[in-house]
Number of protein chains: 4
Amino acid sequence: MTKKEKITQTALQLIVNQGIQETPMSQISKVSGVAMGTIYHHFKSKNEIINQIYLDVKKEFGASIMKDVDKKMEYKARFYQIWKNIFNFFYQHELMFRFSQHFGHLPIITETTRQEGLVFYEPVIDFLAEGIQLKILKNIDLQLMTETIYGNVVALTQLAHSKTLKITNTLLEQAIAISWDGVHNSKNLEQ
Amino acid sequence: MTKKEKITQTALQLIVNQGIQETPMSQISKVSGVAMGTIYHHFKSKNEIINQIYLDVKKEFGASIMKDVDKKMEYKARFYQIWKNIFNFFYQHELMFRFSQHFGHLPIITETTRQEGLVFYEPVIDFLAEGIQLKILKNIDLQLMTETIYGNVVALTQLAHSKTLKITNTLLEQAIAISWDGVHNSKNLEQ
Amino acid sequence: MTKKEKITQTALQLIVNQGIQETPMSQISKVSGVAMGTIYHHFKSKNEIINQIYLDVKKEFGASIMKDVDKKMEYKARFYQIWKNIFNFFYQHELMFRFSQHFGHLPIITETTRQEGLVFYEPVIDFLAEGIQLKILKNIDLQLMTETIYGNVVALTQLAHSKTLKITNTLLEQAIAISWDGVHNSKNLEQ
Amino acid sequence: MTKKEKITQTALQLIVNQGIQETPMSQISKVSGVAMGTIYHHFKSKNEIINQIYLDVKKEFGASIMKDVDKKMEYKARFYQIWKNIFNFFYQHELMFRFSQHFGHLPIITETTRQEGLVFYEPVIDFLAEGIQLKILKNIDLQLMTETIYGNVVALTQLAHSKTLKITNTLLEQAIAISWDGVHNSKNLEQ
DNA sequence: TATGAATGAGTCTTCATTCAT
DNA sequence: CATGAATGAAGACTCATTCAT
């Protein structure tokens with residue numbers, strides 16, 4: 001692991017558990033074992049570390065979305081698979097998930113960074129747009145649909161992390177069904 | 001308006017727009033027109049102000065939920081009305097909504113405060129539990145259902161506030177329909 | 001007990017146990033049951049309270065010094081009695097003793113107050129001066145003798161208060177004997 | 001002189017002359033020429049500085065006690081030499097002396113620090129214990145004897161510093177004689 | 001590249017004192 | 001005489017960032 005990675009990993013962990021303001025650079029230095037000066041050799045500022053983490057998270061997220069999704073699969077099956085991929089990523093990367101939830105909206109994240117991060121969501125957005133166009137999904141504003149489904153995954157993830165809910169296959173299917181029933185076009189006889 | 005209210009209102013506004021750490025007590029003092037010492041006469045600490053705001057928000061939220069909801073109404077109509085109530089509250093009280101979203105999860109909010117705040121959600125939870133029991137809603141874990149629907153309202157609210165979406169009656173109905181279609185029990189012939 | 005006495009008594013107790021800076025006026029107000037404004041009605045400032053306590057202590061001290069001391073008694077007997085009087089006063093008035101020891105030297109005590117307090121020591125000083133003149137005591141600088149003996153009493157008092165030493169008559173006699181042997185004129189055959 | 005020494009020396013001087021509460025860290029910083037942050041780099045808190053000074057003082061004190069004291073010297077000669085050593089140390093290190101007198105008893109000094117400081121007194125205590133055992137000194141509680149003699153030195157020192165007394169060899173001898181006459185065992189014929 | 005001591009502006013909080021009632 | 005809410009200046013301490021090595 002490079003020093004740069006040591007820094008971002010340590011920062012991610014500390015920031016998620018303590019908050020940004022409660023995580024001084026000196027602590028990142030001590031816990032990561034990288035000297036203050038060295039941190040500033042690799043990053044211009046504390047904000048830059050946070051922006052870097054933001055991008056790392058989005059990137060890894062983007063890399064997971066389309067796993068095991070094949071164009072040849074039925075639309076609904078792909079919907080389910082993508083939903084599961086996102087959930088699994090969130091579930092298995094708790095630190096990254098919590099980072100996104102709690103710090104992703106802060107003005108610390110620059111508009112540039114935010115723009116760079118958006119690209120990783122494109123496959124999902126395209127997929128949903130396709131569903132609307134094929135009239136498999138309801139003809140609803142694309143943003144609303146995206147955010148709603150995303151929110152559904154987030155809801156399950158939070159319950160999973162809080163351990164108030166044991167994640168079973170049944171439960172997972174039920175959760176996805178809420179999304180599917182919510183957005184798919186029941187008037188389309190083909191479905 | 002009492003001094004105490006002046007303090008919390010000013011703090012709410014500043015904190016939502018700038019963040020907690022970016023809002024020094026001196027600024028709250030200056031903007032509210034209440035002297036530093038007086039603030040500390042009414043609140044033990046900055047944290048206590050934030051906890052007070054948290055409770056104020058939850059309380060006002062709780063007071064809005066059941067507006068125009070009558071036991072004699074059909075279940076679905078009540079579902080729609082409650083959904084609208086929550087959305088309207090969020091939409092009209094942008095500061096409070098953003099406060100909840102961005103700061104509600106922080107450890108600054110004490111467990112005691114959090115517990116006190118929970119009570120205001122009870123009517124909704126009871127309403128959903130009733131729906132499940134009557135088999136009008138799917139037989140799904142109550143928490144998952146609650147969080148999911150809550151997330152749906154949040155999704156629309158955020159788009160509304162960001163002005164990327166113009167809120168029309170049609171859109172609102174569509175958004176609620178996503179929730180309803182997602183959770184209601186289509187196998188129940190009575191429905 | 002008048003309000004004024006309530007204030008000084010409470011202040012004495014709190015200040016001795018916590019220190020001056022660690023005893024806010026608000027606490028004196030709360031513990032004494034006298035409102036802030038009322039305190040400032042009776043005393044111009046916090047310093048004035050402390051100066052008042054200083055004088056009260058010295059006054060009570062002065063009133064105890066010569067108890068049971070009779071001009072007709074032998075010099076040595078009077079020496080022993082005065083020593084005991086001072087010790088007893090210190091021993092029985094621990095708060096006052098500690099106040100004098102710990103705060104009596106501070107610049108908070110004005111020079112005026114200090115001068116006013118000096119008068120209460122005069123009987124002892126006169127008594128020692130008389131002993132020197134009569135050649136019963138060594139011909140030593142009067143101040144040195146006074147301070148030395150005073151220090152001897154203080155030493156025993158502190159051990160007594162700290163409970164590391166149980167005060168018996170024997171011990172007390174031994175302690176006084178140190179003083180007496182230290183300052184009396186052994187070359188004076190009359191003795 | 002290291003930065004750490006600059007800090008404690010400046011603090012010692014300011015605190016003795018102004019008091020602890022009257023000496024803000026900002027002043028220590030300005031007068032010592034060491035930045036605020038640097039002070040806190042070397043010391044955890046203002047209290048830690050004070051505890052450090054306490055130990056420094058005790059240490060230097062301990063190093064002076066036994067100067068020019070030789071086991072082969074007569075007991076009385078050693079008694080006089082040690083008394084002089086302590087006095088000289090107090091006299092020449094007025095700041096340290098006044099620090100000990102005025103702040104040494106405060107609860108700011110931790111029990112740990114106090115314990116650490118005790119060790120430097122051991123040589124004197126051992127010396128006095130030896131005198132008692134040899135029946136050269138009166139058979140009196142060791143603590144009482146120690147504190148009494150210590151108080152005698154303090155008395156002279158204070159007069160010396162206050163300049164109300166000019167310190168001559170005669171005076172010094174007289175002062176020590178008070179102690180010696182006070183504690184030595186006149187019934188021991190060997191003496 | 002790497003180090004970590006040094007910097008000082010900025011923060012929360014305290015508290016003696018005042019004043020309207 | 002009595003009250004206690006209100007005031008704001010001042011203090012201890014933090015921490016992102018720099019720089020000499």
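Just so you know, these numbers come straight off a predicted model, no measurement behind them. So that the names make sense, note that chain A is the first sequence line, chain B the second, and so on, each numbered from 1.
- Summarising the geometry, the separation between CG on C:Leu14 and P on E:dC15 is reported as 13 Å, rounded to the nearest angstrom.
- The base-pairing partner of F:dC13, taking Watson-Crick or G-U wobble contacts with both distances under 3.5 Å, is E:dG10.
- With E:dT7, F:dG11, F:dA6 as the candidates, the nucleotide lying closest to the side chain of D:Pro24 is F:dG11.
- Listed for the B:His102 side chain is no donor-acceptor partner under 3.5 Å among the backbone atoms of B:Ile15.
- Of the possible donor and acceptor atoms, none in the side chain of B:His93 sits under 3.5 Å from a partner among the backbone N and O of B:Val57.
- Counting to the nearest Å, the C1' atom of E:dA6 and the NZ atom of D:Lys6 are 12 Å from each other.
- Of the residues near DNA chain F, C:Ile39 and D:Ser26, the one whose nearest nucleotide (by heavy atom distance) lies more toward the 5' end is C:Ile39.
- The closest donor-acceptor contact from the side chain of D:Glu48 to the backbone of D:Lys44 lies under 3.5 Å.
- Contact between the side-chain N/O atoms of D:Lys3 and the OP1/OP2 oxygens of E:dT7 is found at a separation under 4.0 Å.
- In this structure, A:Ile50 places its CD1 atom 14 Å from P of F:dC15, rounding to the nearest Å.
- Taking for each of C:Gly37 and A:Gly37 the nucleotide of DNA chain E with the nearest heavy atom, the 5'-most of the two is the partner of A:Gly37.
- The structure places CG of B:Asn47 at 9.0 Å from OG1 of B:Thr110, a figure rounded to the nearest 0.5 Å.
- Heavy-atom distances to DNA chain F give each of D:Tyr40 and B:Gly33 a nearest nucleotide, and the one nearer the 5′ end belongs to B:Gly33.
- Closest approach to the A:Ser45 side chain among F:dG4, E:dG4, F:dT17 is made by F:dT17 (side chain taken as heavy atoms from C-beta onward).
- Pairing of F:dA20, defined by two Watson-Crick or G-U wobble distances under 3.5 Å, is identified with E:dT3.
- Remark: side-chain polar atoms of B:Arg114 are paired, donor with acceptor, to backbone N or O of B:Gly104 under 3.5 angstrom.
- If you measure from atom CD1 of A:Ile108 to atom C1' of F:dA16, you get 12 Å, rounded to the nearest angstrom.
- Distances were taken from every side-chain heavy atom of D:His41 (C-beta onward) to each of F:dA12, F:dA16, E:dA6; the shortest belongs to E:dA6.
- Comparing A:Ala35 and B:Lys44 by the nucleotide of DNA chain E whose heavy atom lies nearest to each, the residue mapping closer to the 5' end is A:Ala35.
- Considering only side-chain atoms of D:Val34, the nucleotide from E:dT3, E:dT7, F:dT3 that sits closest is E:dT7.
- Atom pair B:Met25:CE and F:dA6:P shows a separation of 15 Å (rounding to whole Å applied).
- Heavy atoms of C:Thr2 sit nowhere under 4.0 angstrom from any nucleic acid atom.
- Between D:Asn47 atom CG and F:dG11 atom C1' the separation is 14 Å, expressed in whole Å.
- Base engagement by C:Met36 is indicated by at least one non-hydrogen atom pair under 4.0 Å involving a base atom.
- We find that CD of D:Gln18 is positioned 11 Å from P of F:dG11, with the value rounded to whole Å.
- Among the nucleotides F:dC13, E:dT3, F:dT3, the one closest to any side-chain atom of A:Thr38 is E:dT3.
- Listed for the C:Lys46 side chain is a donor-acceptor partner under 3.5 Å among the backbone atoms of C:Ile20.
- Rounded to a whole Å, the CD1 atom of A:Ile7 is 9 Å from the P atom of E:dA2.
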